Amino acid sequence: MAMIDSTRRSFVTRIGGGAGAMALLTVVPHPASAETIDLPERESAILEAAFGSSVLTPGKISLDMPILAETGLSVPVTFKVDSPMTEADHVTRIMGFAPGNPEPVLADYQIGPRAGLAEVSTRIRLARTGFVYAAAKLSDGTLWGTKFSIIVTLGACVEDIFDLDWQRDAERRAMRAEARAAAAAE
Amino acid sequence: MKRILLGIILVGIVGLIGGLAWAMRYPALDPIAPIDASMEFDSQVVALGRDLAGFGDCSVCHTDPRQGLEYAGGLPLETPFGVLYTTNITPDVETGIGTWSEEAFSRAMREGVDNEGQYLYPAFPYDHFTKITDEDMHALYAYIMSLEPINYTPPENELGFPFNIRLSLAGWNLLFLDTSRWEPDPTQSDEWNRGYYLADGLGHCEGCHTPRNLMGAEIPSKAYDGAIVEGWYAPALNDETTSAVPWTQIALVNYLLDGWDVDHGVSAGPMTPIVNHLYDLPEDDGFAIAKYIESLRPNLPTEAATAELVAFAAEREWDPENPPSYDDPGLQAGVEAFDDLCANCHKVGGTTVPLALTSTVRMPEALNVMNIIFDGVRPPLGARDHSMPEFGASLTDENIADVLRFVRVQYTNLPAWEHLEEIIAEKRENW
Amino acid sequence: MALTLTVNGTSHVVDVEAESPLLWVIRDTIGLTGTKFGCGIAKCGACTVHIDGRAAKSCTTKVSAAVGKSITTIEGLSPDSTHPLQVAWTELDTPQCGYCQSGQIMAAAALLSKRANPSDFDIDTEMADNICRCGTYTKIRAAIHRAAEIAAQ
Amino acid sequence: MNIHNVSRRKFIVTSATAAGGMMLGFNLPAQAAQMNANPWELPTDKEGQEVNAWLAIDPDGTVTIRVGQSEMGEGVFTSMPMIVAEELHVDWKMVKAAYASGNRYLRQKAEDYQVAAGILNEDHQVYRRMGTGGSGAVRRSRTFLQQAGASARERLKEAAAQAWGVARADVTAKDSVLSSGNRTGTFAEFATAASTVALDVEPVIKTPDQFNLLGASVARLDTPLKVNGSATYGIDIRLPGMVYAAVRANPVPYGGIDSYDADAIMGLPGVIQVVEIVPGEGQDLRSGLQPAVAVIANSYTRALSALDQMPIKWSATPNDGVNSRDLFADANAALGMPGAISVDEGDTAGAIAGATTVVEGDYQAPYQSHACMEPFNCTVHITDNRADVYGSFQNPPGALAVVAEQLGMDPINVFSHTTFLGGGFGRRSRNDEPRQAAEIARQVGRPVKMVWTREEDMMQNKMRPMAVARFKAGLGPDGMPVGWHARVAGHSITAHIRPERIENGLDNSLLAAVRNHPYNIPNQLVDMHVRNSHIPVHYWRSVNASQNVFMAEQFVDEMAQAGGHDPLDFRLKMVEDLEDWSLVLNTLKEKSGWTTDLPPGTGMGIGISEEFGTVVGQVATVTVSRRGQLTIDKIVAAVDCGHLVNPAIAEGQIESAIVYGLSACLAGEVTISGGQVVENNFDTFKVLRINEMPIIETHWALTGGDKWGGLGEPGLPPVAAAVANAIFYATGKRPREMPIVHTDLSWG
C-alpha cells in the first residue's frame, strides 16, 4: 500500500485543523452567569403553577445527556439530585422542560424519601437545537435548577430552510389584506 | 505498306493536334475586380445560396478541420490516383476565387474547368453539379462571394504521372461528363422530383454510394450499389441494401435530418457532417430527398420477413442476466471484450438501437463498425445524446478483431467479414 | 501478475490482475488520484487519460491494453500548471466543484492536438462525452478557445 | 415520428471574450494555491496566532480564514473569506482558507465578542452553522463573519495603539498594515497581543455602501488545485494501512438480505473479509442503516470484482410491485380529495363559481436524482478511543454525530475531516454514507474506504420527490384572477426524515413556491396531500420548487392566455405592489427582447419564482421543428438577491442552476419498476451535455437594502417553466409532464 507521498503533509500529525492552536476547551454546560436559572416565559409560568415559584437557584440538580444528537427522536437523559433522600431532607418533585418542543414539559416526577435515590432516567424527544432545563423541589421547599445546551442536527438542510420565504409571504399577504381592507372601507 | 503506315501516323498526328487543340479549347476568363457581395446580391439570394451550399456539403470538403478555416480548403482526399488537396473557395483575391466572375464559377461547376481554363479533377463532383439550375447557380455564387475571405494556400496535390497532367481530363470529360440539364420526371410527384434534383444535383449522393470504374467515374449500371470511400463503406441504397427494416420516408427523414432512426441507428462517420447540414435546412426539402431515396428500393421484403428480423434482433440483443457464450475460443474472446466495454450500453434495457437492426452491423464490409470502435460516434446535431466514446486507445488490435467477429455472428446470419486483421492494422497505422 | 506501466514518463511495476481497469490501477496502486471515477461505463468522461496521445476512458481500458504505451494523466500534463489549457482554465475560473475538470482538460488537450483552432461546433461534438453536473460548459468552451489563443502565441 | 428532444445553441463563432462576458475574473497568472490540497488542513505548515476562531495570522503575514460551509462548487472557499477580509482590512493576496473543524464546532460555544456584539447568543456553537444547504452560506453567516473580521481588526488596532501609546482611533488598518502618524506595523507583529486584548465595545459591522472588497469578482482560491488534479475529494483519501470496501444493498430500498455466499469469493485475489451490515434493533428506518453486504479487499477493484462474483439472494419485500405508473395514479387520485390546508384567504370556491372564465390545469413531475459527479464514498479510521471520518460532507457535525452514534462513542472523540465535494446538491447532507462506513470500520478494525459504484449511488439515492398538482382559477370580466386554488399531492421529505414535524398532514415545504407565490389574487386556497412510497426522498437543488414552479408558472400562462393577456404583462400587473418582482420582470422584458409574436416553430416563454430570499425570472427562447425536435437557443435570467459578494461566482451559480434544471426537465428522470430504480447510470439517466448547452445571459436587478438572498438554488425553478411556456408559443402544445421528452411536440 503506497504511503501518501511525502510532499503532501501526512495528516496524522495535524488533527482537526488548528486544534493545536488553542487549549482543548472542556465542555462545561454554560454555568448560569446570573444567580438564578431564568426560563422562558411559557415554561416559567408552568413552573410557577407547579412549584409555586419559578425562581431557581443553580445547583444540586444535574442533567446527564449527550451534547449532540443526530436526530431528536429519542435522546437519553438522566436527572440527578444531590440529596440524602432522608425523611428530613429529600426531593419531592423533579420537572424537565424543552422550550424548543411544541409541548414544553419533558418530565414530571413526584418522588418521596422511600425512592432512596434521587435519580431518574428517561428518553425524551427534541425538536431542535437549544437549551433543556431541569428543576427540583426539595422537602424544605427550596427550588434548584440547571440548564444544558444540546445540538440536534440531522443536517443543516433540516433547519427550516424556507423561513425567509415564509416570512416574505406573510409580509406580502398582510400588506395586501390591509390594502383590501382600506379599499373596502372607502 | 509504308504509305498506309505513314497515313495512319499522319492521321494520328493530325488527330492528336486536333485533339490537343480541342482539349485546350477553354480560354482563361478575365478576372473581375473584387466585389462587395453585400452590395452586389440581395440577402434573400445569399440565404438561398447558403441553404444550397448546405445541400451540396461544400464546406465538408473545402474545410480542413485541423485548421478550422471554413471554405479555405486544404483537406487531403485520398483517391486511387494519389492525394488531392481541396482548394480555397473563399473570395480571397490572392489565394481564393475572389477574382472569379459568375461565368467562371458556373463553368467550373458545370464543366470542371477553372478560371485559367485548367481542368479540375472529378473528385470535385462537377458531373453532378452540372445539373444545378441557373437560378440556384446564381444563388450559390452570391453566397460563396459573400463568405469571409481567408488568405490560405492549400498544399500541392500529390498525384503520380500521368494523373498530374490536367489535360488528360479532357478525355475523362468526353467519356463520362454529361452536361445535359436536369429534367424532372413527369411520371413522379413534385416532392419526388425536388428530392431527385437535390440528391442527384447538389447532394451528389452517388458520389459515394455508387461504385466507380478504373477511371474513377461512377458506373451508371451500378447506381447506388454501395462503395468504399475514404476508408468507409457507403452502403447500397437500392435493392442491394442489407438493411433489416425497410427505409420508409419517415425513417429516412429521421436519419437524414435528426441524424438517427430508431430502426437503423446513428448516421456516423462521413455521413454526420451531411446530416448536420440537413438539420438546419428547410424540412420540406429534407422530406423530398427522403421520398426520392425511398424510391430507389422498389422491391421491399415481406412484412413477415421484416418481423422475423426484428424478432431476431430482440432475441440476440445482449442480456446482462445471461450473456451469450460460444465454444469457438475466438468468438468467446469477443464475448469477453464486448462484455467489459460495449455491453454497458448495448444491452437489453439500454437506450441504444438493437445492434442487429443497425445498418453498420449488416453491411458486407466491417470498415464502418471498425472505424466506430476506433473513433467512436460524434453526436449529430439532431441526436445530441447519441454519442459513443473512442475506444481505439483502450483496445488492442486483437481485441477489436475478436469483437468484430463476435458482432457479425451474434447479430446477423450474414457471411463473416474477411481480412479483419489487415484493415485493423492499416487503420491502426495511420490512426 | 507484475506489469510495467509508463505513466507521465515514469515507469511503475504494478502487481495487479491483467483485466483490472487502468483507472483503479492509476488511482489505488500508483496513487495518482487526479483521474476520477464517475460511472465505470465510459459515459461520463471523468476518467479520461491519454494513451499514446489519444483520449481514452481509463475506467473501461484494461491495464493489459495499456502496457508498453505512454500514459498521461492530469498530473502529467505539465509540472506546474503551465499547459495552455491549465492557464486558460485558471484565468477563467472554469471549475466549480472541480470533480469532472481533470477529465474535461484531458479531453480538451486531445481535441487541441487534433484541431489547433476548434470552432464552438468542434468543441461541442468532441467534448460531448464529458459530463459536468455543475454546468460549467460555457466557461469550458471559452477556456478552450483561450487555450488555443495561448498555444498559438 | 422520432420525437427526440434535444437542445442546441445557434452556432455562431464566438471568441473567448464574447462568450457571455465571461472574462470577469482578474487575469492572474497561474497562481499558487491559496489552500491545502487537503482542505481540512492548514494551508501553511505554521500554526499561526489565532486571533479568534475564524482567523489565525502567521508570522509571515498569511491570514488563514476558517470556512464553515462545504465547498461543492458554490465558491464558499472564496466568498466566505471575502466577507471576513472585508472587515479585517487584510491584503487579499495574503488570505488563505481552510475548513473550520467539525469537532471544535461541537466543543466550543460562541465567542464572547460575538455575544457582546449581539450577533450570536451564548448557546450558539462557535461556528454557529456548519451545514451547507438552503443557499444559506452568505445570507446566514454574513453577520457573524463580518463581526469576526471587525473585532479582530479593532483588537489589532488596539494592540498597536497600546504599544505606540496612542488612542485606537488614531490607528488605521489597511492591507494588513497598521499605521499611526509615521509609525507602522504589520498584522503579524501585533497578532499575539491582539489575541488577548479586551475591547469595552465591539465594533459595528459595515453596511453594504461601505464595502470595497465585497462585490469584486476576485479569482477563486481553489481553482489552482482543480486544474492539476491535486484537490482531494472524499474518494481520493489514502491512509496508511487502509483497505477498501465495495458495498451493495437490496436494490429495493430498505429491502433485506436472505443469504450470501462469502466462501465462494474468499479465495479471490486481495479479498480480506466479507462484512454484513445489519440495522440495530429499533434503529430508525430512514436515518439508520440499511441491510447491506460489503467485500473488503486491498484494492477497490478487487473488492468490487469479488462483490460482483459473490452470490447474493435479496429478500422479497412488500414493495417489489411498486412502479411509477401506479405511484402517479395514486397521487392523481388524491387530487380529487380536499387536502391539508396551507393557505385559505377569502372565499375561493365562491369566487371561482362566480367567475366569468374558469381555467384548470393538471401537471406532474417524477422522482429526480442528484447524480453528483463524485459517487458516494467515506473513509473511517477508528483507533482506541478516537474515530476520524473523512469524506465529502455537506454537514460535517451531522457526519460526526452519526459516526459517534453508530460506534457508541462520545462525539467529543470523533473528528470529521471534510474534503472537496464532487457535487452535493443536497444529497450529501443526509449522512447515510458515514454511518455505513463507520459500521464497516467497526467490523473491519482497520482504516477502510468505502466506495459506491455509480449503479449503487443511483439505486440507493435519496430522491427529489415526485409530485402532481391541480390548479383551478376563476377570472373576472377583465381577465384577471378573482379566485385561485392549488392542490399538490406529493412525496414529503419532512414526513420521511422528521415525521414528528408533520401536524395534521401539513408539510409546507412540499408547497415551496406555490404557497408563497407573489401574485395579488383576492381569494386563494392551497391544500396538499402527503403520498410517500418506500422510495427515500431528500433535499435536492431548490427542493420542491424545482417541480412546483414548472407547474405553477405554466398555470399562470394558462390564466394569461384564457384572460387574453400577454403573460409577462399579466404577471407585472399582479405584482405591481412589489418593488423587487417588478424590477426583475421589467429587466427581463428589456434584456430578453420579450415578444410572443414569433414565426411558428419558435417561441419565448417566461418563468419567475422566489426562493431562499432571491427572486429569479427567466425567459427561454426555443425552436421546435415540425417533427418535434426541441432546441433551447437561449436563456436570459434576471436576478434580485439584494447584494453580491462575488459577481463572477454568483453568475456561475445562476448558470449552474439553469443547466441542472434543464437536465431535470428535458430528458432526465428516475422511474421505479419492481420497487427499484430503473435509471442506474448515465446511459439511461440523461443529463445535459456541452453540445446541448444554450446561450445563457445573467442580468442583476438588485434592490439592495436589507435583502441578502441565496444563490446556489434559486436559479433552478424558473427554467423548466420558461422552456415549457416557450414550447407552447412555438407549437401550441403544453408539456404538462416532466421531463418534456414524454410530450410529442410535433406540429404543423
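These numbers come from a predicted model, not from an experiment.
Contact annotation for D/W581: only side-chain heavy atoms (C-beta onward) come within less than 4.5 Å of a heavy atom of chain A. Both the backbone and the side chain of D/A512 come within contact range of chain A, with heavy atoms under 4.5 Å apart. With a 4.5 Å cut-off on non-hydrogen atoms, D/D410 does not touch chain A at all. If you measure heavy-atom distances from D/P522 to chain A, the contacts under 4.5 Å come from both the backbone and the side chain.
Annotation: maximal heavy-atom pairing with chain A below 4.5 Å, among D/P518, D/P411, D/A56, occurs at D/P518.
Taking CZ of A/R168 as the reference point, atom CG of D/L578 lies at 10.5 Å (rounded to 0.5 Å). How far CZ of D/R515 is from CH2 of A/W166: 5.0 Å, rounded to the nearest 0.5 Å. Note that CG of A/D169 is 7.5 Å distant from NE2 of D/H517, once rounded to the nearest 0.5 Å.
Among the residues in residues 173-186 of chain A, those with a non-hydrogen atom closer than 4.5 angstrom to a non-hydrogen atom of chain D are A/R173, A/M175, A/R176, A/R180.
A donor-acceptor contact shorter than 3.5 Å links the side chain of A/R172 to the backbone of D/N516. Judged purely by atom type and a 3.5 angstrom limit, A/D165 uses its side chain to pair as donor or acceptor with the backbone of D/F612.
Residue D/D706 places its CG atom among 12 or fewer non-hydrogen atoms of other residues, nucleotides or ligands, all under 6.0 Å distant. More than 12 heavy atoms of other shown residues, nucleotides or ligands fall within 6.0 angstrom of atom CD in A/Q110. Heavy atoms from other residues, nucleotides or ligands lying under 6.0 Å from CG of A/D89 number more than 12.
Residues A/I161 and D/E611 have side chains not in contact (no heavy-atom distance under 4.5 Å, counting atoms from C-beta outward). Here the side chains of D/V543 and A/F162 are in contact, with some heavy-atom distance below 4.5 Å.
Taking 4.0 Å as the cut-off between side-chain N and carboxylate O, A/D163 and D/R140 count as a salt-bridged pair.
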